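Let me begin by presenting the structure, written as structure tokens, before commenting on it.
For ligands, and for the atoms within them, numbers begin at 1 and follow the listed sequence. Since the structure is predicted, the reported quantities are computational estimates derived from the model, not experimental observations.
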Amino acid sequence: MIKELLLATTNKGKYKEFEFITGRKLIFAPEIADLIVEETGKTYSENAMLKAKTWAEKSGLPCLADDSGLEVEALDGAPGLYSARIVPGKDENKISWLLSKLEGNKNRNARFVASLALCVPDEFILICEGFCYGKISETPKGLGGFGYDPVFIPDGYEKTFAELGFEIKNSISHRANAFRKMKKFFDTLNNRS
Ligand code: IMP
């Protein structure tokens with residue numbers, strides 16, 4: 001059984017989302033700041049694996065990590081892997097960048113992608129990818145969530161992630177969908193003696 005599971009993040013928002021998604025207590029240890037790994041991979045999975053492996057090796061604990069991004073169809077998949085650092089500064093700057101790039105463009109199709117890596121030291125690394133499809137709104141709306149949430153309207157809804165609230169977002173998000181794929185294996189691990 002995985003009694004203790006470290007989440008490789010310094011982001012309190014992500015930590016809360018992951019506790020809801022996994023339905024279990026996770027260890028949040030942002031003070032291990034020197035473990036922060038450069039995201040040098042060419043894919044979300046490479047980055048997630050790198051994070052999970054480094055944090056697990058340094059802490060000696062099983063570790064869950066993720067890497068994620070927003071891919072916009074009309075921008076050939078940008079900002080993608082660079083979603084967190086496409087422009088410097090606050091989330092508002094990234095949203096302004098995105099809306100100005102899409103100004104006048106009718107194609108608002110986009111998807112969030114998340115790759116989750118579970119590393120149990122000296123045993124294995126498991127990677128699962130999840131998606132959430134939707135559209136980019138014309139203007140930012142809502143106060144919840146983080147990042148691009150105020151401009152992302154998931155398919156089947158008319159409100160942005162930031163308006164829909166914590167529970168809806170975290171039931172249909174890219175991270176929730178990635179964890180759904182991992183869950184069966186996760187449960188087997190938790191049931192082993
Ligand atoms: P990372 O996975 O921590 O590297 O973050 C990737 C970036 O993608 C974040 O900084 C956000 O800008 C964006 N992003 C990833 N997931 C979400 C989400 O659920 N909502 C809004 N933005 C997100």
Quiz item: Between F20 and Y15, does the ring centroid distance fall short of 6.0 Å?
Solution: no
Self-check item: T160 side chain vs F152 backbone, donor-acceptor pair below 3.5 Å
Solution: no
Which donor-acceptor pairs under 3.5 Å do the side chains of residues 110-119 make with protein atoms, sequence neighbours left out?
from	atom 1	to	atom 2	distance (Å)
R111	NE	E71	OE1	2.9
R111	NH1	Y133	OH	3.0
R111	NH2	E71	OE1	3.0
S115	OG	S45	OG	2.9

Quiz item: Which protein residues have a heavy atom closer than 4.0 Å to any atom of ligand 1, listed by chain and number?
Solution: K14, E39, D67, S68, G69, S83, A84, F112, F146, G147, Y148, D149, K169, H174, R175
Quiz item: side-chain contact (heavy atoms from CB on, under 4.5 Å) with S59: which of T54, L6, I27?
Solution: L6
Practice problem: Answer yes or no: is there a donor N or O on one side and an acceptor on the other, between the side chain of K94 and the main chain of A84, under 3.5 Å? | Solution: yes
Quiz item: Side chains of S173 and I21: does their closest heavy-atom pair fall under 4.5 Å?
Solution: yes
